[in-house]
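The basis for the numbers below is simple: all heavy atoms, side chains too, and nothing from hydrogens, waters or symmetry mates.
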Amino acid sequence: MNVTLCSWDVKTGFNKRFALCYTVAMSENKIVHFVGIKGTGMAALVEVMSRQGVRITGSDVSDRFYTDEILEKLGIKVLPFSEKNITDDVGAVIYSSAYSPETNPDLMAAKKKGLPLKLYSEALGELSRSAYSVGVCGVHGKTTTTGLAGTLLKAVNLPSQALAGSVIASFGNSCTMTSDSFAEGKPSYFVAETCEYQRHFLAFSPKKIILTSVESDHQDYYPKYADIRKAFVEYILKLPQRGQLIYCADDSGAVETAGLAKQVRPDIELIPYGENALGNYKLTFLEVSGDMQFFTVGHLGKFALTVPGRHMVRNATSAIALCCELLREEGLEPHEHLSQIREGLLSFTGGKRRSEITGKGKTKGGQDVIFMDDYAHHPTAIRTTLAGYRDFYKKRKIIVDFMSHTYSRTQALLGEFAESFSDADAVIINKIYASAREKQGKIKVTGEILAERTSYQHRNVFFCGEFEEAAKKILSLLEEPSGSEYPDGYLVVTMGAGDNWKVGSLVKEGL
């Protein structure tokens, strides 16, 4: 038996592009088994591979996630973890970094059989080597930017695929996008979200990179800012000769990181975007009206976006920059495709857990309530996201339920977290979401401590450790009239990388 995840003879095409022909070469039609198959990246990779006709099985925990719907559409039954999953038909295993070959029964059995084991990031890296690939990276905005980039490439019908770390509405409620002009074995582009945690993105082979932001995060792996910055520099240095780095000129960390990479590799072409950018992709914010944000980009003219937040406009600008640069790769004039780009932007309504409107309702007093869920779990993301909501929903009272993710991040950024909720009218803090990758150990910080620190900065903060308690508190707040300042009613936001989206569901049931 010879089972390999391969990117065979790369076909060079016009403009030095590569064919996207990633597949699994298998003798005897063997199965590829996914451990942790419900992870968003994993489910996206399953989508890509299943289109290639690969036989797939997968295992994960029993809790239901939104990726279950994707797997059900593909006809894949999720199995509980067990050594019995590694049958004689399994030829290779791809696994999430949340699980270890030393402790997971599936991986232990596969290792015992001598089967090839690949991390998700390694498998994604192989896929990137079989295409003209673009890596989207940054502490914030990776998923949205990937979704926007894929949406625009589809709009201008460049032969392309995209893989995001969440379900994107404009991808047909999928994690992946395949353009109408994509054809197997033909030159194509591949845009993917690439993650900095544990340097996973170093397995990716980019021809271009979008860099949205760099700042201290993942303190369990990068104790100091210099550590995470160094990882981003290493990633940028993977670009080929005269490769392009499209970076946010409004983010000091991104600017600094781009400069450090340029010192080592003067050949790298730096393409800035944002308000502080010089050149083709200078951003100018215009009005917010009619549930739309208007803005201009360089000499390309005026655009509009229907999702809230200036950070979303910056993400859109990076996607516009990428789309224009790839059109030029094709020898096409970007100005001739501006109408498609504008239509693509208007078709973008966000992704799962990214400013996602999950429902609407009415209070007992008859006031409107919009329910929203967002993945923001870093102080910068919280602050910019809430500022966007305040700008978009000026006449609504904003109630936020927040669940902090990991003890190490909460402790390292406790002061920044406490200052990040200024645009909310009321803040409910839950207990800390304990990541599978760390234990509290000697770390003393708790959700209650975070709530106390936040109360020094905000007059309306409540600690509700459990979800039922948080839902009751929100329902009591909704019994109070929103007041003349907020005649449109309420916006209830569940925010964080944990599972406190359940609070929103409980409140909706309570209404």
Original post:
Does the salt bridge (Lys or Arg N to Asp or Glu O under 4.0 Å) test come out yes or no for E416 and R383, once each step is laid out?
Top reply: CA-CA 9 Å; E416 289 91 334; R383 186 174 59 254; over 6 Å; no
Minimum heavy-atom distance [X]-[Y], with the two atoms named:
| X | Y | value |
| --- | --- | --- |
| I429 | G447 | CG2-O, 3.5 Å |
| R229 | V214 | CA-CG1, 4.1 Å |
| L477 | A426 | CD1-CB, 4.0 Å |
| Y225 | S216 | CD1-N, 3.8 Å |
| G274 | T317 | N-CG2, 4.5 Å |
| F232 | G138 | CE2-N, 3.6 Å |

May I ask you to check whether [X] and [Y] show a side-chain donor-acceptor distance below 3.5 Å?
| X | Y | answer |
| --- | --- | --- |
| T410 | S404 | yes |
| T144 | N315 | no |
| T284 | E275 | no |

Can a cation-pi geometry be assigned to [X] and [Y], taking NZ or CZ under 6.0 Å from the six-membered ring centre and within 45° of the ring axis?
| X | Y | answer |
| --- | --- | --- |
| R342 | F303 | yes |
| K302 | F294 | yes |
| K508 | F371 | yes |
| K473 | F462 | yes |

Roughly how far, to the nearest 0.5 Å, is [atom2] of [Y] from [atom1] of [X]?
| X | Y | atom1 | atom2 | answer |
| --- | --- | --- | --- | --- |
| R390 | I398 | CZ | CD1 | 3.5 Å |
| D373 | T494 | CG | OG1 | 3.5 Å |
| T178 | L163 | OG1 | CG | 10.0 Å |
| F204 | E122 | CZ | CD | 14.5 Å |
| T176 | M49 | OG1 | CE | 13.0 Å |
| T454 | L450 | OG1 | CG | 4.0 Å |

Does the side chain of [X] reach to within under 4.5 Å of the side chain of [Y], using non-hydrogen atoms?
| X | Y | value |
| --- | --- | --- |
| H33 | I86 | yes |
| Y95 | K118 | no |
| S166 | Y66 | yes |
| I70 | C175 | yes |
| N460 | D425 | no |
| R409 | H218 | yes |
| V46 | I76 | yes |
| I370 | V492 | no |

Subject >> Stepwise side-chain contact (heavy atoms from CB on, under 4.5 Å) test for T212 and Y273 >> reply: CA-CA 10 Å; T212 63; Y273 69 90; 3.9 Å; yes
Suppose we call two aromatic rings close when their centres sit under 6.0 Å apart. Are [X] and [Y] close by that rule?
| X | Y | answer |
| --- | --- | --- |
| F201 | Y235 | yes |
| F421 | H458 | no |
| F417 | F402 | yes |
| H140 | H311 | no |
| F34 | Y120 | no |

Original post:
Should the heavy atoms of other residues, nucleotides or ligands under 6.0 Å from CD of E485 be counted, would the total exceed 12?
Top reply: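 For E485, atom CD is not crowded (no more than 12 foreign heavy atoms under 6.0 Å).
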Subject >> Enclosure of K224 NZ (heavy-atom neighbours >12, cutoff 6.0 Å) >> reply: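 Not more than 12 within 6.0 Å, no.
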Has the side chain of [X] got a donor or acceptor atom that lies under 3.5 Å from a matching backbone atom of [Y]?
| X | Y | result |
| --- | --- | --- |
| N500 | D401 | yes |
| D106 | S82 | yes |
| T363 | E479 | no |
| Q293 | V307 | yes |
| K472 | E469 | no |
| N85 | P80 | yes |
| S133 | P206 | no |
| T67 | K38 | yes |
| Y490 | S482 | yes |
| T385 | I382 | no |

Subject >> Worked verdict on Q198 versus S97 for side chain to side chain donor-acceptor pair (under 3.5 Å) >> reply: CA-CA 9 Å; Q198 294 184 340; S97 61; 4.7 Å; no
**OP:** Evaluate side chain to side chain donor-acceptor pair (under 3.5 Å) for Y197 paired with D217, printing each intermediate quantity in order.
**Re:** CA-CA 9 Å; Y197 184 61; D217 198 11; over 6 Å; no
**OP:** Begin with the C-alpha distance, continue with both residues' side-chain angles, and end with the deciding distance and a verdict on salt bridge (Lys or Arg N to Asp or Glu O under 4.0 Å) for K111 and E102.
**Re:** CA-CA 9 Å; K111 190 176 179 182; E102 309 305 319; 2.9 Å; yes
Original post:
Relative to the ring of H377, is the ring of H405 parallel (under 30°), tilted (30 to 60°) or perpendicular (over 60°)?
Top reply: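 H405 and H377: perpendicular rings.
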In terms of side-chain geometry, is the basic nitrogen of [X] or [Y] positioned less than 4.0 Å from the acidic oxygen of its partner?
| X | Y | result |
| --- | --- | --- |
| E72 | R64 | yes |
| D368 | K360 | no |
| E196 | K142 | yes |

**OP:** Apply side-chain contact (heavy atoms from CB on, under 4.5 Å) to Y433 and T406, showing your working.
**Re:** CA-CA 6 Å; Y433 185 75; T406 78; over 6 Å; no
Original post:
Are L283 and T296 close enough, and set up right, to give a side-chain contact (heavy atoms from CB on, under 4.5 Å), and what steps lead you there?
Top reply: CA-CA 6 Å; L283 166 64; T296 62; over 6 Å; no
Original post:
Can you check side-chain contact (heavy atoms from CB on, under 4.5 Å) on I246 and L211, steps first, answer last?
Top reply: CA-CA 6 Å; I246 301 169; L211 174 62; over 6 Å; no
